[in-house]
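Taking it in order: structure first as structure tokens, then the write-up.
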Amino acid sequence: MLLRRHGAGLAQAWRSSLQLRIGAITMLVAGTVVVIVSMVLFVQIRDQLLSVKRQAAVDQAQAGVFYAQSEVAGIATGDAASVRATLDRTVQQLTSRSGSAGDFDVVMVQRSGSVERSATSRRYLYPAIPADLREDVAAGGQYLRYAMVPNATGDPRPTLLIGAPVPSDGSSADRIELYYAFPLDQEAESLSLIRSTVVISGVALTLLVVGIAVLITRLVVDPVRRAAGTAQRLAEGQLEERMTVRGEDDLARLATSFNAMADSLQRQITQLEALSQLQQRFTSDVSHELRTPLTTVQMAAEVLHESREDFPAHVARSAELLHTELDRFEALLSDLLEISRYDAGAAVLDWEPTDLGALVDRVVAGMAALAERHGCELTVSGPPEEVIAEVDARRVERILRNLVGNAIEHGSGKPVEITWAANRTAAAVTVRDHGVGLSSAEAQHVFDRFWRADPSRVRTVGGSGLGLSISLEDARLHGGWLQVWGQPGAGAQFRLTVPLTAGADLTSSPLPLRPVVRRVGERR
């Protein structure tokens with residue numbers, strides 16, 4: 001659990017910090033380059049060091065062969081004591097001869113048929129000589145091997161072994177072989193010191209490069225961070241925020257350009273706010289001012305409508321149309337006043353515990369007459385248990401009436417399905433029709449004010465064109481969601497999701513936005 005938490009924190013830091021990413025990438029690249037260069041340098045130094053050692057050892061071994069040839073010339077091979085004495089004496093003489101190859105040990109071997117006699121400057125050296133080296137030397141010629149040979153204490157150490165036959169006078173079938181063992185302790189120590197130096201230098205160089213990269217990145221990122229902070233404060237409404245301009249470099253020009261952009265944005269936002277306030281005040285004033293003459297005209301129209309039976313047919317029809325259109329005009333004024341309250345931020349909720357199922361049934365009962373006129377069947381599905389949500393019942397009912405009314409109008413007489421459900425934190429209602437549907441482009445504008453998918457289409461329900469816009473604002477005021485799915489020819493589905501507890505945040509909806517097949521056992 002702790003490892004997962006640290007991993008999540010590191011991943012978040014990686015995503016959010018440009019400086020961390022550049023530092024890590026620089027360390028990776030610099031470390032890779034340093035490792036490759038260090039390995040190449042170390043291999044070259046090692047090869048050069050061993051090459052010098054090998055050449056000096058070969059020269060000394062050749063000189064030893066010439067010296068041993070002169071010492072063993074005319075040796076009485078039949079006398080074992082004489083052979084051994086000659087070998088011991090030659091080994092001692094060769095061991096005492098110094099050379100540029102450093103310390104060494106010597107082994108001489110005399111082979112007479114199956115009899116083998118040896119002399120060595122150090123015990124246990126001859127058995128440590130690899131068998132393949134012995135076979136190569138026995139076949140003739142000088143050969144060398146790197147092998148691990150025990151030292152005086154029995155610990156293995158890296159050793160350069162060189163073996164060569166000692167030429168004889170040709171009158172004897174006996175063979176004499178000479179082996180040199182050059183310990184590589186000094187070279188191993190030198191290589192260990194070089195390796196440590198290379199590693200320390202590589203780490204220091206990598207850290208230095210990373211430090212320089214982080215420093216340079218910080219010099220570049222800090223102004224960007226200040227710009228981001230200033231932009232965030234501007235987005236929060238602090239329009240007077242500006243960046244500090246230092247110097248005349250590129251970053252200073254960036255700050256100057258940013259400040260100029262902020263000045264332009266402030267002027268435009270101020271102008272837009274003034275225009276918006278003017279528009280809101282105009283809409284509100286016009287709506288209020290129209291109330292009085294509308295009331296007077298409605299009273300006169302009501303008198304004419306009640307007396308329409310006394311008028312000729314065409315006058316009676318005119319009275320009916322006047323009454324209907326004045327009702328629609330009143331609804332439009334009410335919606336305009338509601339929109340103006342939202343624009344002014346004056347809309348408030350009247351929270352109360354509400355039975356969601358009863359509210360849905362009330363909306364369906366109220367829209368039944370309209371559905372019957374359009375030849376449309378309304379079906380309701382929901383859980384059998386009671387679901388209580390803290391909402392403004394009047395606003396939620398208005399949302400659902402708008403959704404059901406639109407579904408009836410655009411449903412082409414096909415059934416309209418209302419489904420509701422709830423989980424531990426949220427409640428949702430979907431309204432599904434099977435009419436003309438919506439394309440993805442139309443779904444993006446369906447909540448716009450006065451928007452129609454087909455401008456030539458005449459409203460049969462008599463809406464003002466602001467219903468879905470007001471519904472969206474009502475949903476947002478609850479802290480909820482109002483979303484739409486549509487497909488041309490397959491109908492559309494609207495989903496309203498609100499939190500069960502007032503002021504709670506939504507994280508999911510208990511109903512999917514895309515239509516699904518109704519499950520068995522749900523209430524209809």
Side-chain angles (χ1 to χ4, degrees), residues 2-58 100-103 144-149 151 155-161 182-231 243-255 257-258:
L2 182 63
L3 182 61
R4 183 182 302 174
R5 185 163 57 251
H6 285 300
L10 183 60
Q12 176 63 28
W14 176 267
R15 290 192 299 269
S16 61
S17 176
L18 176 63
Q19 191 170 358
L20 175 62
R21 292 201 299 272
I22 291 179
I25 294 173
T26 303
M27 178 177 289
L28 178 63
V29 174
T32 302
V33 172
V34 167
V35 167
I36 294 174
V37 172
S38 299
M39 290 179 62
V40 172
L41 289 176
F42 181 77
V43 170
Q44 290 181 346
I45 293 173
R46 182 195 63 188
D47 293 345
Q48 184 65 26
L49 189 63
L50 293 179
S51 176
V52 172
K53 178 75 172 184
R54 185 169 58 249
Q55 187 59 47
V58 168
S100 59
D103 297 337
L144 59 85
R145 294 285 190 283
Y146 292 101
M148 300 299 293
V149 176
N151 57 12
D155 297 327
R157 61 180 178 178
T159 305
L160 173 61
L161 298 173
F182 296 92
L184 300 177
D185 295 344
Q186 184 177 358
E187 286 73 17
E189 292 178 2
S190 299
L191 290 175
S192 178
L193 179 61
I194 293 172
R195 184 186 297 108
S196 301
T197 303
V198 169
V199 170
I200 295 174
S201 301
V203 172
L205 180 60
T206 302
L207 294 178
L208 178 62
V209 172
V210 172
I212 294 174
V214 170
L215 178 61
I216 295 175
T217 305
R218 182 172 182 178
L219 293 176
V220 177
V221 169
D222 279 352
V224 176
R225 288 177 176 171
R226 290 196 296 270
T230 305
M243 290 184 64
T244 304
V245 181
R246 299 187 180 93
E248 299 178 355
D249 55 9
D250 294 336
L251 296 178
R253 287 194 292 273
L254 170 64
S257 301
F258 184 92

Measure the shortest side-chain to side-chain distance between Val214 and Ile22 over non-hydrogen atoms and say whether it is less than 4.5 angstrom.
no
Heavy-atom nearest pair, Val198 first then Ser38, reads CG1-CB, 3.1 Å
d(Thr244 OG1, Arg226 CZ) to nearest 0.5 Å is 7.5 Å
Heavy-atom nearest pair, Leu207 first then Met27, reads CD2-CE, 4.5 Å
Note: Ala30 and Val209 closest approach over all heavy atoms is CB-CG1, 4.0 Å
How about Val149 and Leu161: do any of their side-chain heavy atoms sit closer than 4.5 Å?
yes
Using a 3.5 Å cut-off and no angle test, enumerate the donor-acceptor pairs between side-chain atoms of residues 40-50 and protein atoms at least two apart in sequence or in another chain.
none

Nearest heavy-atom approach of Asp103 to Pro183 is O-CD, 3.3 Å
Notebook entry, point to check: Side-chain contact, heavy-atom cut-off 4.5 Å: Thr159 with Met148?
Noted result: no
Contacts of Gln186 meeting side-chain hydrogen bond (donor to acceptor under 3.5 Å, both in side chains) (sequence neighbours excluded), chain-then-number -> none
Exercise. Does any N or O in the side chain of Ser196 come within less than 3.5 Å of the main-chain N or O of Ser192, such that one atom is a donor and the other an acceptor?
Worked result: yes
From the list Val34, Val29, Thr32, side chain to side chain contact (heavy atoms under 4.5 Å, CB included) partner of Thr206 resolves to Val34
So salt bridge (Lys or Arg N to Asp or Glu O under 4.0 Å) across residues 182-197, not counting sequence neighbours, yields Lys53-Glu187, Arg157-Asp185
inquiry  = Less than 4.5 Å apart, side chain to side chain, heavy atoms only: is that true for Tyr146 and Leu184?
reply    = yes
